[in-house]
Structures are given as structure tokens and as C-alpha cells.
Amino acid sequence: MPPHPNAPADRGVRTRGIPSATHVDHVAYTVPDLDEAIRFFTEVLGADLVYREEPVRADDDAMRETLNVHPRAVAEIAMLRLGPVTNVELFAYHAPDQRCLMPRNSDYGGHHLSFHVTDIDAAADHLRAQPGVRVLGEPRTVTSGPIAGMRWVYFLTPWGMQMELSCPPARLPYEESTVHRRFSLADRGV
């Protein structure tokens, strides 16, 4: 019997997309102050600092050619590990043409980092107790659609970066219509 048309491809065998890609290695965010961001990610969010690089700079056009930034930009970089599967790279740039506004979710380039939690009320209370953190209202519950039952709330870091807490139910409605699943550690017995 042939596999279901929506069944995931065998692990390691890609029939579409980037040849040889196996997973997302990391997500990266530019922050205004690397020390402050490292402190927040480690002390408030529970990340581990994996490494911090020496400042990256170039006297030629390498910064523009490889990173699409001003040629005299200087980047401070740190890699953190957040939980069992997420690597987060933080950049703090110093550049002559730098824009210093955080994008809103509705802006091009808008973004947020979402944390799976099992007790959203306790997690929101923890964040409310942190200096400079702003929790945007109370946790809400999605009432219809593919993720009905999901509870969520957004919060802002002390420097204004948008983040989210997500608390899904055991099963989501979309699971009835496809074999594909969002990643969850619960699927792996964790």
C-alpha cells in the first residue's frame, strides 16, 4: 500500500527544499545590548550561554558582502541554548547607519519567539515579576480554527523584543486533517 500523500518523507531524505538540509540550526536576533540580553535569556528565560565570540569586524567590504550590513559595522555575538532543541544566536551591532527601532509584529521583519509552557498562568506570573518585562494582558484561548484550545499571551523584554508563551491542549483540531504535526517534546515522552 502506498504511503499517505501527506506522510512525512523518510528522515534524512529530502525531495524538495534545500538539498541536504535536515533541520533549523538556530534562530538569531539583533539586540541593543548583548550583556543585558544574555542576562535576560539566562536568568529569566533559563537559557545556557554556549559561547561568546570576539567582536567581528572587517577593514574591507566583508561585512557588507557576507552579512549585508555597513562595511564598518562591528558585531558582538553570543550563542545560547534554550531547552533541548533551540539554539538562539544574539547579535549586538554597532554600525554608522543602524536603525534602532524594534519592528512590531505587523511590520516587515516583525517577529517573536514563542515558548511552550505547561502552566501558562504560572509562567505569566513569573514574567510579571521580572523588572522591565511587560506582559500584554492575560492569557487568551483560541476558540476556533486549526489550533482551537491553544492558550497564549505575548510579552515584551526590557528592550522591547516581542515574545510569546504558548500552552497547547493535548490534541489540536488540525491533527484530524493531516498526518503532519507541529514539533512537541510531549511526542517524544519528555
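None of these values were measured; they are calculated from a predicted model.
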* ring pair (Phe, Tyr, Trp, His ring centres under 6.0 Å) partners of His70, counting only residues at least two apart -> none

* Straight-line distance of His23 NE2 to Phe183 CZ, nearest 0.5 Å -> 11.0 Å

* Would you list the pairs meeting salt bridge (Lys or Arg N to Asp or Glu O under 4.0 Å) in which at least one residue belongs to residues 17-30, sequence neighbours left out? => none

Using a 3.5 Å cut-off and no angle test, enumerate the donor-acceptor pairs between side-chain atoms of residues 157-165 and protein atoms at least two apart in sequence or in another chain.
from   : atom 1 : to     : atom 2 : distance (Å)
Thr157 : OG1    : Trp159 : N      : 3.4
Thr157 : OG1    : Gly160 : N      : 3.3
Thr157 : OG1    : Met161 : N      : 2.9
Gln162 : OE1    : Asn105 : N      : 3.4
Gln162 : NE2    : Pro103 : O      : 3.3
Gln162 : NE2    : Asn105 : OD1    : 3.2
Gln162 : NE2    : His111 : O      : 3.3
Glu164 : OE1    : His112 : NE2    : 2.9
Glu164 : OE1    : Ser114 : OG     : 3.3

* Asked: For Val69, what are the other residues in its hydrophobic cluster, where any two members join if their side-chain heavy atoms are less than 4.5 angstrom apart?
  -> Val56, Met63, Leu67, Ile77, Phe91, Tyr93

* To do: Indicate yes or no for a side-chain donor-acceptor contact from Arg72 to the backbone of Asp60 under 3.5 Å, with no hydrogens or angles considered.
  => yes

* Asked: If you measure from NE2 on His180 to OH on Tyr174, what distance do you get to the nearest 0.5 Å?
  -> 10.5 Å

* Under 3.5 Å, side chain of His126 to main-chain N/O of Leu45, donor-acceptor pair present? -> no

* Asked: Less than 4.5 Å apart, any side-chain heavy atom of Asp33 and any of Phe40?
  -> no

* Structure fact -> Partner of Leu80 under side chain to side chain contact (heavy atoms under 4.5 Å, CB included), picked from Asn87, Thr86, Val50, Thr42, is Thr42

* **Single-linkage hydrophobic cluster, 4.5 Å side-chain cutoff, Leu49 and Leu90 together** => yes

* To do: With sequence neighbours excluded, tell me which residues meet side chain to side chain donor-acceptor pair (under 3.5 Å) with Glu36.
  => none

* Asked: Does anything in residues 48-59 pair up under side-chain hydrogen bond (donor to acceptor under 3.5 Å, both in side chains), and if so which pairs, sequence neighbours excluded?
  -> Asp35-Arg52, Arg52-Glu76

* Asked: Please, which pairs that meet salt bridge (Lys or Arg N to Asp or Glu O under 4.0 Å) have at least one residue in residues 136-147, sequence neighbours excluded?
  -> Arg128-Glu138

* Got a second to check how far Phe115's CZ is from Leu127's CG, nearest 0.5 Å? -> 8.5 Å

* **Of all pairs that satisfy salt bridge (Lys or Arg N to Asp or Glu O under 4.0 Å), the ones with a partner from residues 98-111, not counting sequence neighbours** => Arg104-Asp107

* Verify the cluster assignment for Phe155 and Leu113: are they in a single hydrophobic cluster under the rule of side-chain heavy atoms below 4.5 Å apart? => yes

* To do: Using the rule that two of Ile, Leu, Val, Met, Phe, Trp, Tyr join whenever any of their side-chain heavy atoms come within less than 4.5 Å, decide whether Leu156 and Ile120 are in one cluster.
  => no

* Structure fact -> Closest non-hydrogen atoms of Cys167 and Thr118, given as atom of the first, atom of the second and distance, are SG-O, 3.8 Å

* Tell me, please, which residues at least two apart from Glu176 pass salt bridge (Lys or Arg N to Asp or Glu O under 4.0 Å). => Arg171

* Can you see which heavy atom on Pro168 is nearest to which on Val117, and at what distance? => CD-O, 4.5 Å

* Asked: For Ala58 and Ala62, which heavy atoms make the closest approach, and how far apart are they?
  -> CB-CB, 3.9 Å

Please tabulate, one pair per line, all N/O donor-acceptor pairs under 3.5 Å involving side-chain atoms of residues 143-152, not counting sequence neighbours.
from   : atom 1 : to     : atom 2 : distance (Å)
Arg151 : NH1    : Asp121 : OD2    : 3.2
Arg151 : NH2    : Asp121 : OD1    : 3.3

* Arg134 CZ to Tyr154 OH distance, which is reported to the nearest 0.5 Å -> 14.0 Å

* Shared ILVMFWY cluster between Leu136 and Val44, side chains joined below 4.5 angstrom? -> no

* Are Val85 and Phe41 in one and the same hydrophobic cluster, where Ile, Leu, Val, Met, Phe, Trp and Tyr link if side-chain heavy atoms are under 4.5 Å apart? -> no

